[in-house]
Amino acid sequence: MRETRTAAAAVRVTRPAPLRQAVYEALIELIINGTLRPGQHLVEAELADHLGVSRQPVREALQRLQTDGWVDLRPAQGAFVHSPTQEEATQLLSVRAVLETHSAHGAALHATGADVARLWHLQDAGITALAADDARGIVEANATLHGFITELSRNQVLAELILQVDRRVRWYYMPIARPRGRDAWNEHATIIEAIALGDAERSEELMRRHTRNTTDFYCRQIAAAVDAGRA
């Protein structure tokens, strides 16, 4: 019993650090929306000034961002926004594809007429952002549409798993939102049509093609950027 008490006493519940967490979250959003671009040098003083905080929470956030794969800390050089590799993108987007195809299948089984109307409304929001050439708007509309399809699947475990990769999917999608946009939103329309018909198998197959097309497009973009850098 004494040994148990001693071990238990060594584990302390620490108080939350809301400022540190807020800075961490803010920096992730700046990375996702492209304000902080892959490879960009991150200067603590500049980030602190931008966020209206001291340098200490920024420094702590950068350490955590490195651990989580958003930032690279290089000895004697400082912090840089991580540049996702083709392998990283393929791995993440392939996992997302598996989850999203299950979502589409479930959505087709459960969607009501009102749900389908909501899907078309979200589709219209994406088309509007595309017409305005608004990359951030396209990414947010895309995430909202896919998120609602997941919600319609009525599978809480699936929703929780997709939430774990959602941020990185938005990050990867930002640089291709405009060039991939028209094809992507045309594909969304066919998926919604299949969900509206209650055709689970077709919805799943169309979502599989859609996510594969996005993965292939992103990987081609990375390959082109690497080739341009070598030229």
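All of these numbers come straight from a predicted model, not from anything done at the bench.
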**Message:** Tell me whether Gln123 contacts the main-chain N or O of Trp185 through its side chain, where contact means a donor paired with an acceptor under 3.5 Å.
**Reply:** yes

**Request:** Using a cut-off of 6.0 Å, state whether more than 12 heavy atoms not belonging to Arg154 lie near its atom CZ.
**Result:** yes

**Over 12 foreign heavy atoms within 6.0 Å of NE2, His121** = no

**Prompt:** Salt bridge check: are Glu204 and Arg208 linked by an N-O gap of less than 4.0 Å?
**Reply:** yes

**Fill in**
When Val98, Asn155, Thr150 are each screened for side-chain contact (heavy atoms from CB on, under 4.5 Å) with Ser103, the one that passes is Thr150

**Salt bridge Glu29-Arg170, side-chain N to carboxylate O under 4.0 Å** = yes

**Evaluation steps, side-chain hydrogen bond (donor to acceptor under 3.5 Å, both in side chains), between Asn142 and His188** = CA-CA 9 Å; Asn142 182 74; His188 287 159; 3.3 Å; yes

**Request:** State whether Tyr173 and Arg180 meet the cation-pi test: NZ (Lys) or CZ (Arg) under 6.0 Å from the six-membered ring centroid, and within 45° of the perpendicular axis.
**Result:** no

**Asked** Is the number of heavy atoms from other residues, nucleotides or ligands under 6.0 Å of Glu87 CD greater than 12?
**Response** no

**Request:** To the nearest 0.5 angstrom, please state how far the CD1 atom of Ile32 sits from the CZ atom of Arg136.
**Result:** 11.5 Å

**Request:** Could you tell me whether a side-chain N or O of Asn213 sits under 3.5 Å from a main-chain N or O of Arg209, the two making a donor and an acceptor?
**Result:** yes

**Request:** Ignoring hydrogens and angles, state whether a donor on the side chain of His146 or Asp166 is under 3.5 Å from an acceptor on the partner side chain.
**Result:** no

**Request:** Look up atom CH2 in Trp70 and atom CG in Leu36, then write down how far apart they are to the nearest 0.5 Å.
**Result:** 11.5 Å

**Request:** Could you walk me through whether Glu88 and His82 pass side-chain hydrogen bond (donor to acceptor under 3.5 Å, both in side chains), step by step?
**Result:** CA-CA 11 Å; Glu88 289 171 348; His82 179 66; 2.9 Å; yes

**Message:** Does atom CZ (Arg59) have a neighbourhood of more than 12 heavy atoms from anything else shown, all under 6.0 Å?
**Reply:** yes

